[in-house]
2 protein chains.
Amino acid sequence: MKSTLLSAAAVAPAPPADPRAPTPALPDFELIELLFFAYRDFVGEPDRLLERHGFGRAHHRVIHFINRHPGLTVAELLDILEITKQSLARVLKDLIHGDFVEQKAGAEDRRQRLLFLTDKGRALADGLAAMQHQRITRAVAAIGPEHRPMIARFLAELIDKERGAAPATALSTP
Amino acid sequence: MKSTLLSAAAVAPAPPADPRAPTPALPDFELIELLFFAYRDFVGEPDRLLERHGFGRAHHRVIHFINRHPGLTVAELLDILEITKQSLARVLKDLIHGDFVEQKAGAEDRRQRLLFLTDKGRALADGLAAMQHQRITRAVAAIGPEHRPMIARFLAELIDKERGAAPATALSTP
DNA sequence: AAAATTACGTCAATGATGTTGACATATTTC
DNA sequence: GAAATATGTCAACATCATTGACGTAATTTT
């Protein structure tokens with residue numbers, strides 16, 4: 001008897017939002033639960049690869065963003081991840097000791113530690129991204145690629161707005 | 001200088017998948033990152049409400065599924081959450097002691113502990129669901145409600161398939 | 001040039017959530 | 001009666017997060 005998640009979510013019909021409804025409409029349990037299960041499986045597969053290196057989800061996030069923005073500073077990474085210096089320090093130390101990440105002093109500001117992936121780090125990052133990419137690609141194919149912009153828009157709308165309309169160029173991919 | 005996440009994700013253009021590309025297409029970093037940020041904010045807001053009760057995300061998941069499926073057994077809940085008995089026991093104890101959840105012995109099988117929310121528990125569950133519902137509703141409105149089925153389909157496709165095609169009726173909402 | 005600020009590293013302590021494995025108890029099933 | 005099942009509980013541990021304090025080097029301000 002395996003989990004009934006999928007069925008549980010799938011079984012629940014979308015509450016047809018009645019515009020005249022005086023009582024608050026039922027919560028959209030279907031999408032709430034789909035988000036939960038989708039995200040869990042979306043990160044679960046990478047988790048299993050990371051385990052082989054003794055890493056966790058936190059390491060994944062770090063190498064992902066260093067991969068995306070080579071030369072990222074520690075402060076920028078803290079801003080992106082919204083965690084504390086301590087939390088980052090631990091996983092960063094693991095990644096540096098394991099030769100997945102290297103640091104270089106900033107050219108202009110030599111206090112800064114610019115972060116880069118080593119070849120080894122890039123290989124791991126690419127492997128993890130490939131897993132998530134494939135999963136996404138399958139899902140996009142299922143709904144038809146022409147609907148991909150809608151997905152992006154929907155997800156973007158879920159994100160808190162007050163954040164990061166800031167320096168759009170600061171981290172632009174070179 | 002706040003986080004550059006949103007912009008970082010938004011800035012990256014979707015790699016136009018070239019069908020003839022011999023080299024593997026670039027990972028879909030945009031959707032990968034949007035999923036990360038969207039999920040973080042999606043659960044972040046409830047987290048702040050839960051904090052006031054001294055609860056965490058694990059408590060949220062438990063009361064959510066008990067709310068959805070009153071009379072759920074412990075074993076069923078374990079199947080849904082895919083955590084261990086110990087992990088569940090801790091949060092369940094908190095919720096029972098705090099009078100958010102109550103247990104009743106099963107009528108047919110008296111070994112089972114059927115789980116129900118108290119009025120207090122239902123109030124909290126509803127409050128949490130309302131937050132997530134509003135966020136989703138805003139996002140659905142932004143893309144046009146006619147595209148909601150596409151979102152549901154996309155998310156469902158992200159979920160591991162091998163699971164839970166099983167007893168679709170077992171947990172059907174009464 | 002001295003003072004203040006910034007970027008980063010690190011230490012200690014703590015909390016929430018997850019894990020494994022073992023064992024006890026009540027109940028149902030064979 | 002024996003075996004299997006549903007649940008509870010104990011001990012020990014791992015990961016990822018937190019706060020607060022302090023130190024050092026480099027840059028900026030005065």
* **Residues forming a side-chain hydrogen bond (donor to acceptor under 3.5 Å, both in side chains) with A/His133, sequence neighbours excluded** => A/Thr137
* Asked: Mind checking what makes ring-ring contact (aromatic ring centres under 6.0 Å, His included) contact with A/His147, not counting sequence neighbours?
  -> none
* Going 5' to 3' through nucleotides 12-23 of chain D, assign each nucleotide B (protein heavy atom under 4.0 Å from a base atom), S (under 4.0 Å only from sugar-phosphate atoms) or - (no protein heavy atom that close). => ----BBBBB---
* **DNA chain C contacts among residues 98-106 of chain B, heavy-atom distance under 4.0 Å** => none
* **Residue list, salt bridge (charged side-chain N to carboxylate O under 4.0 Å, His left out) with A/Asp126, at least two apart or on another chain** => none
* Per A/Ala89 side chain, nearest of listed nucleotides C/dT10, C/dC8, D/dT7 -> C/dT10
* In whole angstrom, what separates B/Lys93's NZ from C/dA16's C1'? -> 15 Å
* Protein-nucleotide distance (B/Leu50, atom CG; C/dA16, atom P), rounded to Å -> 13 Å
* Asked: How long is the line joining CG of B/Asp47 and P of C/dG15, in whole Å?
  -> 18 Å
* Asked: What residues, two or more places apart in sequence or in another chain, satisfy ring-ring contact (aromatic ring centres under 6.0 Å, His included) together with A/Phe42?
  -> none
* Salt-bridge criterion met for A/Arg40 and B/Asp160 (N-O under 4.0 Å) -> no
* To do: Determine which pairs satisfy side-chain hydrogen bond (donor to acceptor under 3.5 Å, both in side chains) with at least one residue from residues 43-55 of chain B, sequence neighbours left out, and list them in order.
  => B/Glu45-B/Arg135, B/Asp47-B/Arg57
* For atom NE2 of B/His60 and atom P of C/dT17, their distance in whole Å -> 12 Å
Name each donor-acceptor pair under 3.5 Å that joins a side chain in residues 97-115 of chain B to protein atoms two or more places apart or in another chain, with its distance.
{"unit_1": "B/Asp109", "atom_1": "OD1", "unit_2": "B/Arg111", "atom_2": "N", "d": "2.9"}
{"unit_1": "B/Asp109", "atom_1": "OD1", "unit_2": "B/Arg111", "atom_2": "NE", "d": "3.1"}
{"unit_1": "B/Asp109", "atom_1": "OD2", "unit_2": "B/Arg111", "atom_2": "NE", "d": "3.4"}
{"unit_1": "B/Asp109", "atom_1": "OD2", "unit_2": "B/Arg111", "atom_2": "NH2", "d": "2.7"}

* For the pair made of CG in B/Leu78 and P in C/dG18, what is the distance, rounded to whole Å? -> 12 Å
* Structure fact -> Atom CG of B/Leu77 and atom P of D/dT7 are separated, to the nearest Å, by 10 Å
* Measure from CD on B/Gln112 to C1' on D/dG8 and round the result to the nearest Å. => 15 Å
* To do: Please identify each residue that fulfils side-chain contact (heavy atoms from CB on, under 4.5 Å) with A/Ala130, with sequence neighbours left out.
  => none
* Not counting sequence neighbours, which residues clear side-chain hydrogen bond (donor to acceptor under 3.5 Å, both in side chains) with A/Ser87? List them please. => A/Thr84
* To do: Report the distance from atom CD of A/Glu51 to atom C1' of C/dT20, rounded to the nearest whole Å.
  => 13 Å
Tabulate protein N/O versus nucleotide N/O from nucleotides 26-28 of chain D, keeping only pairs under 3.5 Å, one per line.
{"unit_1": "D/dT27", "atom_1": "OP1", "unit_2": "A/Arg110", "atom_2": "N", "d": "3.2"}

* Taking all non-hydrogen atoms of both residues into account, name the closest pair between A/Val91 and A/Ala58 and its distance. => CG1-CB, 3.7 Å
* ring-ring contact (aromatic ring centres under 6.0 Å, His included) against B/His59, all qualifying residues, sequence neighbours excluded -> B/Phe55
